[in-house]
Structures are given as structure tokens and as C-alpha cells.
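Below: the structure, in C-alpha cells.
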Amino acid sequence: MLIRFLAKRVAILAAACVVTSLFISKLGVMTAFGVLIGAFLALYKVKMFGSFLNGLVNSENIGKKPVFYQIFSQLFLFGVLTASIIANLTFFFGVVAGLLLVPFYICINAVTEKVKITHNNWGDNEELILWKK
């Protein structure tokens, strides 16, 4: 499934960011914690968005549950970002960096697929699609 595929790769990127922030920054612990929280939230957003799209594709009239989850995930993310700005600016930068790990990996994967470096057939494989048809 897409979440497992992304989670493995985002975990590697998050670990690299955490190690880098711990060795480079004076406030590396807050930044590293923010990266971990942000990566988790990014994967949660992808999962909720997949659930939302699944509800749109598989049913004639979309139920209230996927829409509620989509709205809840957006509001929850907004609350976490607001709380992280209030708490500590370096923590906020870590959360934002963690949130950007998923789009960053998707862009890197698209480039490596196009140049034929990797062959995981992103988008063509049945188990890597965001929702079931």
C-alpha cells in the first residue's frame, strides 16, 4: 500500500534530518523532535486524503465520515503548526521540514523514475495507488 511505501522512505529521510540537526544545530533536539512530529503528520495527512478520495471514487454519494476526517486532519495540522510557532521557532522549522518530507520524496522518486534509476513503477503498480478502483 502507498502508506507503507512512503513510510519506509520518509522514515529514512526523517532519520537523516534528525541526525543532521542533532550534530549541526545548537537547538538540535527541538528541531529533531519537530521533524519527527512533522513526518508523522505528513503521513497522517496522506492517509486521510487517501480515505477521502476512496470515499469519492467508490460511492455514488460521499458519506460524512471521509469529509469529516479530511476537515479534521486539516484543522489538526493548523493547530499543530500554530502551537509549534508559539512553543519554539526551531520546533516550528522542524515540523515544517518534516511536513515537506513527503512531497520532497515524491518529487525525488518522480525524477529517478523518469531517468530510469529506480524501477518501482510509481503509479502503475496496483498496490501503490492511493485508492482502490
Can you tell if the side chain of [X] reaches within under 4.5 Å of the side chain of [Y], non-hydrogen atoms only?
{"X": "Thr31", "Y": "Phe93", "value": "no"}
{"X": "Gln74", "Y": "Met48", "value": "no"}
{"X": "Leu99", "Y": "Leu77", "value": "yes"}
{"X": "Phe33", "Y": "Val29", "value": "no"}
{"X": "Val35", "Y": "Ser21", "value": "no"}
{"X": "Leu81", "Y": "Val96", "value": "yes"}

Check whether [X] and [Y] end up in the same hydrophobic cluster, where Ile, Leu, Val, Met, Phe, Trp and Tyr are linked by side-chain heavy atoms less than 4.5 Å apart.
{"X": "Phe76", "Y": "Val95", "result": "yes"}
{"X": "Phe40", "Y": "Val102", "result": "no"}
{"X": "Val80", "Y": "Ile85", "result": "yes"}
{"X": "Leu22", "Y": "Leu13", "result": "yes"}
{"X": "Val46", "Y": "Tyr105", "result": "yes"}

> Which heavy-atom pair separates Phe91 from Met30 by the least distance, and what is that distance?
Replying inline: CD1-O, 3.5 Å
Which value, rounded to the nearest 0.5 Å, describes the distance between [X] atom [atom1] and [Y] atom [atom2]?
{"X": "Ile12", "Y": "Cys17", "atom1": "CD1", "atom2": "SG", "value": "12.0 Å"}
{"X": "Ile108", "Y": "Arg9", "atom1": "CD1", "atom2": "CZ", "value": "13.5 Å"}
{"X": "Tyr44", "Y": "Phe49", "atom1": "OH", "atom2": "CZ", "value": "14.5 Å"}

>> Taking atom CZ as the centre, does Phe104 end up with more than 12 heavy-atom neighbours from other residues, nucleotides or ligands that are less than 6.0 angstrom away?
In response: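 Incorrect, the count does not exceed 12.
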